[in-house]
Amino acid sequence: MKERGEKITMVTAYDYPMALLADRAGVDMILVGDSVGMVVLGYENPVPVTVDDIIHHTRPVVRGAKRPLIVADMPFMTYHVSREQTVTNAARLIQEGGADAVKLEGGREVAHTVKALVEVGIPVQAHIGLMPQRASVGGSFKVQGRDAATAEAIIGDALALDEAGAFSVVLEFVTAEAAEVITEKVGIPTIGIGSGPMCDGQVLVLHDILGVYDRAPPFARPYANLNKVVLEALSAYRDDVRSAKYPGEKYTVHMDADEAEKLKKKRG
Ligand code: KIV
């Protein structure tokens with residue numbers, strides 16, 4: 001698609017119904033991201049998410065989405081301790097979860113990790129720029145590559161990851177200028193999130209697209225307002241139950257009249 005100049009669409013999903021709909025909508029790639037920790041499990045950051053959590057959420061996504069490429073996130077500290085542990089964890093996401101590929105955060109310092117996984121046959125998507133797993137040491141949620149020196153560093157990271165064998169790289173909250181250079185320089189597709197229009201594709205967190213929460217990152221365009229839709233539906237349901245409007249005749253099933261009569265007689 002990169003060679004043909006076709007933009008690649010990617011979205012996160014964490015369950016069967018949303019995977020089914022993402023597939024039906026024609027999305028190219030689904031990410032079972034560790035953002036599941038924040039948008040589904042209620043954590044403040046992705047740190048508590050485990051390999052078991054990602055496997056649990058990848059399985060229904062695989063059952064729901066047949067066409068898209070499915071990428072499973074490697075959670076915090078699951079690819080740092082040793083090569084053996086890294087390969088074991090990544091293999092579980094592929095073998096037990098059913099993912100097609102894994103994603104991990106980091107620049108040139110994880111290039112050897114990417115290489116080790118690719119060497120044993122596990123496709124890897126890299127992730128640079130803003131790295132939510134490192135937010136506690138990397139400071140606040142801010143745009144990466146604002147000046148020439150930091151932009152150069154990110155470009156160097158992208159080249160190292162391409163060289164290491166990653167099949168794609170996510171650029172999170174990187175200035176559009178730096179993202180454009182990376183997209184030109186690397187052979188692999190760049191998938192942007194808050195990184196401008198020049199990337200080969202875009203990814204967004206599903207809950208941001210759907211407007212599930214009141215708040216979203218500044219770069220995330222909401223395409224729906226599920227918050228409002230769901231609140232209205234649940235409030236209407238609550239009101240109807242309280243006022244006995246629901247279920248009403250329309251949603252009620254009766255016995256045949258003669259059977260009802262028999263029952264009545266039996267019960268006196
Ligand atoms: O976990 C996630 O959803 C991600 C995206 C923000 C790219 O890593």
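All values below were derived from every heavy atom in this structure, side-chain atoms included, with hydrogens, water molecules and symmetry-related copies excluded. Order of appearance sets the numbers: ligands from 1, and atoms from 1 within every ligand.
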- request: Answer yes or no: does an N/O atom from Asp73 fall short of 3.5 Å to an N/O atom of ligand 1?
  value: yes
task: Report yes if some N/O of Tyr14 lies less than 3.5 Å from some N/O of ligand 1; otherwise report no.
output: no
Should you measure from each heavy atom of [X], which atoms of ligand 1 turn up under 4.0 Å away?
X     : answer
Thr12 : 3 (O)
Asp34 : 1 (O)
Ser35 : 1 (O), 2 (C), 3 (O)

- request: Answer yes when Arg67 and Asp28 have at least one side-chain N-carboxylate O distance shorter than 4.0 Å, and no when they do not.
  value: yes
message: One thing to verify: whether Glu172 and Lys103 come together as a salt bridge, which I'm taking to mean a side-chain N less than 4.0 angstrom from a carboxylate O.
response: no
query: Quick one: nearest non-hydrogen protein atom to atom 6 (C) of ligand 1, plus distance?
result: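 For this ligand atom, the closest protein heavy atom is Ile193 CD1, 3.6 Å.
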query: Got the closest protein heavy atom to atom 4 (C) of ligand 1, with its distance?
result: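 Nearest protein contact, heavy atoms only, for atom 4 (C) of ligand 1 is Leu31 CD2, 3.5 Å.
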Ligand 1 contacted by Lys103 (non-hydrogen, < 4.0 Å): yes
- request: Show your working on side-chain contact (heavy atoms from CB on, under 4.5 Å) between Phe76 and Asn45 and close with a plain yes or no.
  value: CA-CA 10 Å; Phe76 178 71; Asn45 56 54; over 6 Å; no
- prompt: Heavy atoms, side chains only, cut-off 4.5 Å: are Gln125 and Met10 in contact?
  reply: yes
query: Taking the side chain as C-beta and beyond, is there a heavy-atom pair between Ile191 and Cys199 under 4.5 Å?
result: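 Answer no - side chains too far apart.
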- request: Verify the distance criterion only: is there a donor paired with an acceptor across the side chains of Glu249 and His254 at less than 3.5 Å?
  value: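 There is such a pair between these side chains.
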message: For Val36, which part has a heavy atom under 4.0 Å from ligand 1: side chain, backbone, both, or neither?
response: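 The answer is neither; Val36 stays 4.0 Å or more away.
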message: More than 12 heavy atoms of other residues, nucleotides or ligands under 6.0 Å from CE of Met198: yes or no?
response: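 No, because the 6.0 Å sphere around CE of Met198 holds 12 heavy atoms or fewer from other groups.
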